[in-house]
Amino acid sequence: MLKPTLKALLLIGTVLLTSLSSPMVSAKGVYQSGPDFIAEAFNQPPNKATLWLTNDIREQAAEILGRSLPELRVRYHKLDNKTAWILEEIGKEMPITIGVVVAEGKIEQVKILAYRESRGGEVRYPAYTRQYLGASLTNKNNLDQSIDGITGATLSVWAVNKVAALALYYHGQVINSRDPS
Amino acid sequence: MKYKKSIGLNIRWHRRIGLSLFFMIIFLALSGFALNHSLGLKLSNTKLSSDWLLSWYGLEQAASDGFELDSGEWLYQAGDNQLLLNEQKVAQCQPPLLSVVEIEQQLLALCNDALVILTAKGELIESFTQLQGLPADLTGLIAQNNQLYLRGESGVQTFDADSLALAPSNISLLPANSAPTALPASIKEHLKDQEISSSISMETLILDLHSGRFFGNAGVLFIDIVGLLLCILAITGLLAWVNNQRYSKE
């Protein structure tokens, strides 16, 4: 009678320990530095440039992000009609640093450079980020492709969606303004 | 005879579990009672002020030091990685705030993980982070002859706040332009008010203790185990009583 009781307790303990340790498998970390991402995105060194966020741009960007932008300017890299952006957006509580490469108005690459949340790090997997390839912006500043979500990573997925749309919008502003760089 | 043996086993385990859970049962009952009457006991209005408890919850204590600007305003860090100009939140960066420099209508604040560039009014122009190429070993930012220099463990570099370009330099730097000093009483008072109003309530503390969350995942697991043992306590008690009834009939 004692042995089955102990076995049952051990089984319950194992199940609880497994459920306890699963959230500890954290996705937190820096996966690639900004300079490395830029070097990888272009065949030759791109031009560094700055996009000053005018009131119009800030208004549209705020609409895309669903929040106001605190900063007055954004850095980017440009070569011909290709731009690369390193942007941050909060998933649940912490900012996710995301690199986006846009060429000819379409997304060429999305990469999670740094992930700081304890959950939802699945968005960094290429199987997920690959969905953004070829996406462009609709007239309403939304992505023209539907992106499949990830269970348990909804907020991170939303953050990546917003940043992808924002990078496309910034790209449009840079290309349309005929920036000297 | 079969019932007698079973009664003995159930009673033995019932007693063992009951004794080992004695204090937990009392605590869970009292904390549950307190939570049930939280409104009447005004637990949600009672804010924690213990520094130890606040730091356990990860709430930073109010800042005591900051950098005084030429204008008489103060740039300092407080709370959740917030950089503040007087009472206005201007940016986020990791503490400590190492240096503050005023140059050409701009304010530059070097934090642990970023160099924050602000207008003189405190509007955020941009943050230059380590991920974007800011060296990780920096110890100070210095303005000398209208040129910005970043001092790090690996040497000195010139810094251009417009292009964010860095270049090695052999210059002998003067001491830092300014050093942190104690914040004025008015700002400290404001921070203390902010800290208390956003503090943790007694209700949250009791709820976290009741659920075990106060001690993280291990605490939750412990309370789970206590819950399971309470179930076993009830089952062994019931079995002992049922078997006792059957034994009496026999």
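One N or O on the side chain of B/Gln132 and one on the backbone of B/Thr129 form a donor-acceptor pair closer than 3.5 Å. A/Lys82 contributes no side-chain N or O that, together with a main-chain N or O of A/Pro46, makes up a donor-acceptor pair within less than 3.5 Å.
Chain B is approached within less than 4.5 Å, heavy atom to heavy atom, by no residue from residues 130-143 of chain A.
Rounding to the nearest 0.5 Å places CD of A/Glu93 at 11.5 Å from CZ of A/Arg119. A distance of 10.5 Å separates CZ in B/Arg16 from CG in B/Leu19, rounded to the nearest 0.5 Å.
Listed here is the closest heavy atom pair of A/Leu113 and A/Gly34: CD1-CA, 4.4 Å.
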(message) Show, in sequence, the C-alpha distance, side-chain angles and deciding distance for A/Gln32 and A/Glu40, and conclude whether the side-chain hydrogen bond (donor to acceptor under 3.5 Å, both in side chains) test is met.
(response) CA-CA 10 Å; A/Gln32 190 171 33; A/Glu40 197 181 84; 3.2 Å; yes
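Comparing A/Glu71, A/Glu88, A/Arg75 by how many heavy-atom pairs each has under 4.5 Å with chain B, the most go to A/Arg75. Highest contact tally toward chain A, considering only B/Ile117, B/Thr119, B/Asp162, is held by B/Asp162 [criterion: heavy-atom pairs under 4.5 Å]. Per-residue counts of heavy-atom pairs under 4.5 Å with chain B were compared for A/Ser33, A/Pro95, A/Pro35, A/Ala114; the largest is that of A/Pro35.
When each of A/Val30, A/Leu87, A/Ile86 is paired with A/Thr97, the side-chain contact (heavy atoms from CB on, under 4.5 Å) condition holds for A/Ile86 and for no other.
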